[in-house]
Amino acid sequence: MTGPGTGRDLRLVEVSKRFGPMTAVDNLTLTIPEGSFFALLGPSGCGKTTTLRMVGGLEEPTEGRILLGQDDITTKKPYQRPVNTVFQSYALFPHLTIFENVAFGLRRRRQSEVKAKVVQALEMVELGDLAQRKPTQLSGGQQQRVALARALVNRPQVLLLDEPLGALDLKLRRQMQLELKQIQTSVGSTFVHVTHDQEEAMSMADTIAVMNQGRVEQLGGPVELYETPATVFVANFLGQSNLLTGTVTGRNGGDLLLDVSGHRIVLPTARSVSASNRLYVGVRPEKLHLSPNGAPVPDRHNRLDAQVIDSSFIGVSTQYQVRTRWGQQLSVFAQNLSSDLGPRPGHEVQIHWDPASAFGLDGTQDAQAGAILDPELGGVPAGTVS
Amino acid sequence: MTGPGTGRDLRLVEVSKRFGPMTAVDNLTLTIPEGSFFALLGPSGCGKTTTLRMVGGLEEPTEGRILLGQDDITTKKPYQRPVNTVFQSYALFPHLTIFENVAFGLRRRRQSEVKAKVVQALEMVELGDLAQRKPTQLSGGQQQRVALARALVNRPQVLLLDEPLGALDLKLRRQMQLELKQIQTSVGSTFVHVTHDQEEAMSMADTIAVMNQGRVEQLGGPVELYETPATVFVANFLGQSNLLTGTVTGRNGGDLLLDVSGHRIVLPTARSVSASNRLYVGVRPEKLHLSPNGAPVPDRHNRLDAQVIDSSFIGVSTQYQVRTRWGQQLSVFAQNLSSDLGPRPGHEVQIHWDPASAFGLDGTQDAQAGAILDPELGGVPAGTVS
Amino acid sequence: ACGTEGASKTEAEQAAATDLSDKDKVVNFSNWPLYIDVDENDEKVHPTLDKFKQQTGISVNYVEDINDNDQFFGKVRADLAAGNDIKRDVMVLTDWMAARLIRLKWVQKLDPKNVANKKNIEPSLTEVEFDAAREYSLPWAGIMAGIAYNEKVTGPVTSITDLLTRSDLKGKVTALTELRDTMGLILLENGNDPASVTDAQFDEALATLDAAVKSGQIRRFTGNDYTQDLAAGNVAACIAWSGDIVQLQADNTDIKFVTPEAGGIRANDNMLIPNKAAHKKNAELLMNYYYEPAVAAELAAYVNYICPVVGAKEILEKSAPEVAKNELIFPTEATLARLHTFKALDDASERAFSDKYAKVIGA
Amino acid sequence: MTTATENRQGEWTGGGHRAQRTRPPLSAALSWIREHLVTFAGLAALGYLLLPVAVVFVFSFNDPAGNFNFAWHEFSLDAWTDVCGIGGMCDSLWLSIRLALVATLGATVLGTLLAFALVRHRFRGRQPTNLLVFLPMATPEVVLGSSLLALFVQGGVGRGFTTLFISHVLFCMSFVVVTVKARLQGMDPRLEQAAADLYATPYQTFRRVTLPLVLPGIVAASLLSFSLSFDDFIVTNFNSGNLVTFPMFVFGANQRGVPPQINVIGSIMFFLALFLVLAAQYRTKASRRATK
Amino acid sequence: MTARKSTAYLLILPGLLWLGVFFIIPTITLVSQSLQEGSLETGYVMTWNFAVYAEVIQDYAPHFLRSLIYASLATLAALIIAYPLAYTIAFKAGRWRNVLLILVVAPFFTSFLVRTLAWKIILADEGWVADVLRAIGLLNFTDDRLLATPIAVVCGLTYNFLPFMTLPLYTSLERLDGRLLEAANDLYANPFTTFRKVTFPLSLPGVVGGTLLTFIPAAGDYVNAEFLGTPQTWMIGNVVQQKFLVSLDYPGAAALSVILMVAIISMVLVYVRRAGTEELV
Ligand SMILES: Nc1ncnc2c1ncn2[C@@H]1O[C@H](COP(=O)(O)OP(=O)(O)OP(=O)(O)O)[C@@H](O)[C@H]1O
Ligand SMILES: Nc1ncnc2c1ncn2[C@@H]1O[C@H](COP(=O)(O)OP(=O)(O)OP(=O)(O)O)[C@@H](O)[C@H]1O
Ligand SMILES: NCCCCNCCCN
Ligand SMILES: [Mg+2]
Ligand SMILES: [Mg+2]
């Protein structure tokens, strides 16, 4: 991890952007240290692209300032900023060949060795052969890679990536992720990366900001965000969470003792962000162990009875839906350690977890915030949430 | 799973498409049963979009025929086919509002209750509020959802989805996947789904075709493809695989005995697609167990010594890179069952796996086909493969 | 493909159509714009035409669709050559165009019975080369070509030589694209009679003109639009038509018209009846009507061109003495004596002259 | 790649919502000017176009001493209060307007169809057709006019409104083809593909997707057609029979002096066009508000 | 999508019929007329007189040349003036767009002559425009005047064909995707470079269309040379006009027209090929 520099940090100070009556970005304040890899994560329409556009100079903030180091760049022209963007819509120049698309920025700044640099950039994105084609003759993923090469080849101080790998298959995406990370480390650029791929965000970014409706809900390192989300939205949006509604009934050393629908559940006080009496106890599906009813449960683990209602195989692991005695549905992921088939729908099972792998949240929020809503399984009707 | 119908199966018979000298689709023969959910998976530029466009009638095959049930639709006009497409590039009508975009197909076929249907479709994709906006006033993900609604609202016999969820965040994507699956089941349409999200393909599709350079490499159910890939390309492209080069030294009942760099490895004969002497033994990273050196290893498991060289946390699990004694690098995924930290880089460990969870492949192929190439870790230089 | 039929082969009898005049009491009259009297209160009303209708019961379809002799010829040529009715019974064209049409036998002889007033024609106009006995044509109005100058810009310019050579006029002189007017005046200046111009005389005059063009003395060759340049001061002196100057003087009293010392050119616009005209008799009656001195006087007072009808001046001396006194409408005998007409050219020389002339005016 | 063609700078993303920023007034003014340099040049070009109209307008209030209306004499509303006072002028104006309208309609339809075929289809004879379209423009107007006349005479077609319509459509059509082609070239074909995919027949695709997207080109082309037809003198003169169009009237009047009424007509035509556009604009705005 | 050929033929049929009957037939007649000899009185006879072509070329080469030069200059000037105008209408006008569009053509709803007369008032030798230019010494090269100079002719052509340049330009600029301009800006292109490298190339169909609509009719125009020019500014259109209407030299006029058409078509071919708009996306 590159330590936060202070020289050329990118700072957004109380930035807002309104389109007529609609507020796309709402009083956003962020510091992105020089040379860091910063990820913006959030649901569709939450203002990620708009934020990047303001940094790139393509949109002027309605309010607030944007600083790069000591320079206020709020009103600087895009072409005066040492910032490049990989556009979500690619925005390739249709009249230029792939080669000339990539060479565009270099030529504008009269760089030397354009040819070598372009060729290298194209090879990096595996498009060396297609240099002479026009953008319309490429597949979606190929176009996206051109957009990537076109920005990267300029080695900008700040690189804005708006879902730069969205159209790539997993293999190529992973490969590009590695390339990106490597370039970022070697060039020392600041990368601001918008992605909807949480694994991507978590494995690449030094810092992640989770946005929601134009605001940042939580900001921190990947592990921190995952292990101790601060809000229900973050808990649900970044990975999945099972949220059990509990009432604090007492304390035991460093632990809170809770009542969850009549079951006694333990949660380390240090892992709760809320001191209120009503809490959500959050447990990630992969932290829940599934075992046949009556099998031994490790000491101190919380334990609940449940019934499997659904299972689905997704390669590395199997996802189970189980129903507790009081009818709440929980997700459990079990890694497919062997080819054995696990429990089937209908089986009675027990679930248990290490209290230290759970987290506590303020219990007054909407438990569905940021969650997947499954109409089939009786979630809140999709249309009413937006 | 919907059983393959015979009435209105979609069949591609020896279909090829060439753009000048470049062959995008190469003698493709496929049968997609009526009412099934079919996924096309493959690297960028392998011909997925081109295949869909031929089915949709937007591109005429250079060779071959396309049939829907008994009808040869090869030369039918797009508007005469009961087929709708969700375009990779969205292709929303810029002069129409979101509402009118979605209503377009209904109006063309003079359907009744246009308003109600459109409103319902828009609510399904959570865009009820934005019906009166123009496409340019939407975020990338919102545009993609409009494209989805515009096709779905027509309830076509065959729905072609070209990465319909690519611009959506994980949450929304999962939700849309559930919606799609539900619609597909209730309407009984045939869905042909191009995706680069393997989890998506595996969790949604009845049948998956893995394409590579215009050809289908393997076709089958998700579990079948994952558990017993037929080629190195499929093994590497669909999930990750560790491939160990082995030579058959003998047999033992239903098992092959192999020598892998001096280690004796067992592989059930039934799990090898090749009868040749030189095999790759493939093991998925999640099927490899990592345990401290000297810990007990279950009976019959294959076992190797290794050293951890890298670990990275990705939420649900941690990915380890380990190096065997003979220097081969292997990937191991370990589910994060608790918040304990696992072994650190440098630790000596043992890895073991159930022979029944491995698979055997013809050992004469390129072991890198379809694999992620990591330049940093000494993979084949990216530019030379394409 | 084969060639078009020679137009002059049309027999005179073939020229006439069944005359519908008695059944169909109308006459179609094509004239130039602003070439007829209009009512003070309603400009759509032409009092002389109304009176004609009262007298004869014949109504006149009056159309102002002749803007230019060549343009008009171009427009009706194909039909006339093909022996078609051009849907006009009377049309007004300048001498040389009238000459061409007569030569081509595309117009009909007038029936003397119907145009008794022909006797009132100004004596100097009774004999013209192209229509020796005025069998085909009767003048509608006349124009003089001479020199006009803007007194504010220059002193008097009274000779063509001055006009074409005086250095203070360089670039401030225009001449007319109309060959007969410009070349006629130069021929007179050279002491030649335009009525009997020879090829050699023409070439000599053309050389004079060419020199003036090459030296930049002549700014432009113009149609009617010289008036504007003259009034705006862009042009100091020019070859001009008297009728225009009468009107210009109302705008700008600095504009003067002179007949050059060596003489001026006179031309008339003539009423003609095209072949196949359906209302020939009605047309003749109309022509006859405009040769009544009273009617001619009323017309002249309004349009300000030379009146070709004897007796009109006398009437105007009573009703509008200032019009009667205007030399440009009623030239004195002395002036009339200095006016000349241009030779009626045959087809070949017309083409030869105009081609040579065109090369000078559009180098 | 781009799907939306309407996204452009400064339409809804810019302008109105920008924050007021404090900058030194002089440099702010300078940078404002610099940013709007193109707009200034554009407006200057418009000024150039409108200058003669201004003169025409001013002189419509002149009361010329004689027949010639080019020296300022004195202010008068006579021409405005008695527009149709000049015999035949308003008839000719009305004729020209009707002619220009139908000719524009004809040329726009034929030319648009041709443009579509030429841009969107590959067919045998495409290249020759492409060239043929340019030929009428490359033909001197006298030649075009007299050739048509010869054709009509040979074919025994009487001259009048029909022959004018035919000839105006002929010379306007090329202008339409070129203008619409310029719009069509580079239009994203995927939008039409999407329409076809959504059950739109070729006609419906054209009507619902292509046409609205090409509309600016078609509007531009019909504006050109209208002004070409309305302003034409030569071809018209050959083929008008005994009809007199407005330019013919003006041309003739010019022989003896253009009356100020012609300036009035010029001004009225100008303001009428402007008024119609403003009215249409106001109506769509009002109806949009109503449906909201 | 593969377009059906029959559709294409259906689309071009009405237009082609119109052109075929009302243009091609007369043009064939025109070519045949150019090869005949005779006069109005004697009639014309086809003599396959190809010599007429050599003659008129020899006689009128300067006029051809002048037409091409004036038309080129006018086209260039129109392009330079029209581009910012079209750009402003397409991008800056907002809801005033339609109003500006109509303002571009509305001057042409007055009449050509009236407009020209107005210009003559504006550019008069003693007018203030000339006075200003004279004061700063710009009229020293033009006989101390603006009217009746080649400059006036070129300006007249430019003025009269400005809408024919502006509208196609507007039409193709209006379609331009703003995101591409943003991308160029982001890649260090300043507004000028963005224009040169992105805006202009993408508006090429409009540039090509506009230059054709300006150049072709301007090359055959005669009215501007007649009203605003001098004897030294006659263009080929004036010659054809004169031969056709005044000297009645129909074969000569026909031959000149045919040459003009052929010359323009050849230039258009070369131009369109070089501009390569057909390949543009
Ligand atoms: N119009 C064209 N001209 C030339 N080549 C083309 C054209 N369209 C596609 N191709 C090529 O055909 C191949 C297949 O393209 P296709 O769009 O089907 O890929 P894809 O599998 O959809 O890829 P992606 O996942 O990147 O969208 C690519 O290599 C592409 O470059
Ligand atoms: N020009 C505009 N006019 C009106 N609303 C707009 C405009 N551009 C964006 N919006 C709205 O602003 C919000 C934020 O848009 P933005 O593009 O920043 O979203 P995003 O986070 O990038 O979403 P996605 O992941 O779907 O791309 C959205 O609700 C969008 O509809
Ligand atoms: N009136 C000036 C503009 C004239 C344009 N005429 C084009 C006619 C095409 N042959
Ligand atoms: Mg976005
Ligand atoms: Mg694709």
Side-chain angles (χ1 to χ4, degrees), chain A residues 49 52-60 76-97 100-111 114 118 133-138 143 146-162, chain E residues 1-3 79 83 86-87 90-96 168-212 271-281:
Chain A
T49 297
L52 290 199
R53 286 171 61 82
M54 289 190 288
V55 175
L58 302 173
E59 208 89 69
E60 211 176 321
K76 271 233 179 96
K77 297 277 160 18
Y79 56 91
Q80 295 164 331
R81 305 186 186 201
V83 172
N84 282 121
T85 309
V86 180
F87 292 90
Q88 189 172 13
S89 62
Y90 318 158
L92 302 182
F93 302 123
H95 59 299
L96 300 180
T97 59
E100 285 303 326
N101 261 282
V102 177
F104 195 93
L106 297 174
R107 296 210 197 279
R108 296 295 80 69
R109 293 183 309 153
R110 317 208 168 289
Q111 300 275 292
V114 170
V118 173
R133 290 226 198 137
K134 291 281 181 76
T136 41
Q137 297 173 307
L138 299 190
Q143 290 179 33
V146 175
L148 197 57
R150 188 177 67 171
L152 279 173
V153 77
N154 298 298
R155 311 269 141 152
Q157 265 184 47
V158 178
L159 185 66
L160 308 176
L161 304 118
D162 200 350
Chain E
M1 193 179 4
T2 50
L79 181 62
Y83 210 106
Y87 192 93
F91 296 122
K92 311 281 178 183
R95 62 208 182 84
W96 296 105
L169 275 178
Y170 154 76
T171 281
S172 61
L173 279 172
E174 203 264 352
R175 181 192 61 204
L176 205 109
D177 186 343
R179 289 176 296 187
L180 298 177
L181 306 185
E182 290 180 345
N185 263 248
D186 181 69
L187 292 165
Y188 312 109
N190 59 33
F192 178 67
T193 318
T194 304
F195 172 78
R196 232 167 23 97
K197 294 291 174 184
V198 182
T199 314
F200 188 78
L202 287 173
S203 66
L204 259 188
V207 174
V208 171
T211 46
L212 292 175
Y271 175 67
V272 173
R273 284 275 147 77
R274 290 214 48 194
T277 47
E278 302 265 316
E279 282 167 32
L280 278 181
V281 175

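A, B, ... follow the sequence lines: proteins, then strands. Residue 1 opens every chain. Hydrogens, waters and symmetry mates are skipped; everything else that's a heavy atom, side chains included, is used.
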J.: What's the shortest heavy-atom distance between Leu187(E) and Asn154(A), and which atoms?
T.: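 Heavy-atom minimum between the residues: CD2-ND2, 3.3 Å.
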J.: Atom CG of Leu92(A) and atom CG of Asp177(E): how far apart are they, to the nearest 0.5 Å?
T.: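 Rounded to the nearest 0.5 Å, the CG-CG separation comes to 11.0 Å.
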J.: Does the side chain of His95(A) reach to within under 4.5 Å of the side chain of Val198(E), using non-hydrogen atoms?
T.: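 Heavy-atom side-chain distance check passes, below 4.5 Å.
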J.: With side chain to side chain contact (heavy atoms under 4.5 Å, CB included) as the test, would you mind laying out the steps for Lys197(E) and Arg108(A) before giving the verdict?
T.: CA-CA 10 Å; Lys197(E) 294 291 174 184; Arg108(A) 296 295 80 69; 3.2 Å; yes
J.: Is there a donor-acceptor contact under 3.5 Å from the side chain of Asn185(E) to the main chain of Pro78(A)?
T.: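 Here the side-chain-to-backbone pair does not exist.
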J.: Do the side chains of Pro201(E) and Leu96(A) get nearer than 4.5 Å, heavy atoms only?
T.: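 Side-chain contact under 4.5 Å: no.
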J.: Side chain, backbone, both or neither: which part of Arg81(A) has an atom under 4.5 Å from a heavy atom of chain E?
T.: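 When you check distances to chain E, only backbone atoms of Arg81(A) fall under 4.5 Å.
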J.: If you compare all heavy atoms of Tyr188(E) against all heavy atoms of Asn84(A), which two are closest, and at what distance to 0.1 Å?
T.: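 Shortest heavy-atom contact: OH-OD1, 2.7 Å.
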J.: What closest approach, in Å, do Ala183(E) and Ala91(A) show between heavy atoms, and which atom pair accounts for it?
T.: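 Residues Ala183(E) and Ala91(A), closest heavy atoms: CB-O, 3.7 Å.
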J.: Distance from Tyr90(A) atom OH to Leu180(E) atom CG, nearest 0.5 Å?
T.: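 Output value for this atom pair is 14.5 Å.
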J.: Within the 4.5 Å heavy-atom criterion, are Arg53(A) and Glu182(E) side-chain neighbours or not?
T.: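 Contact flag for Arg53(A)/Glu182(E) side chains = yes.
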J.: For Ala189(E) versus Phe104(A), what's the shortest heavy-atom pair and its separation?
T.: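 Closest pair (atom of Ala189(E), atom of Phe104(A), distance): CB-CE2, 3.7 Å.
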J.: Roughly how far apart are Arg150(A) CZ and Asp186(E) CG, rounded to 0.5 Å?
T.: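 Reported value, rounded in 0.5 Å steps: 8.0 Å.
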J.: Quick one: are Arg179(E) and Phe87(A) in side-chain contact, heavy atoms under 4.5 Å?
T.: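 Sidechains of Phe87(A) and Arg179(E): no contact.
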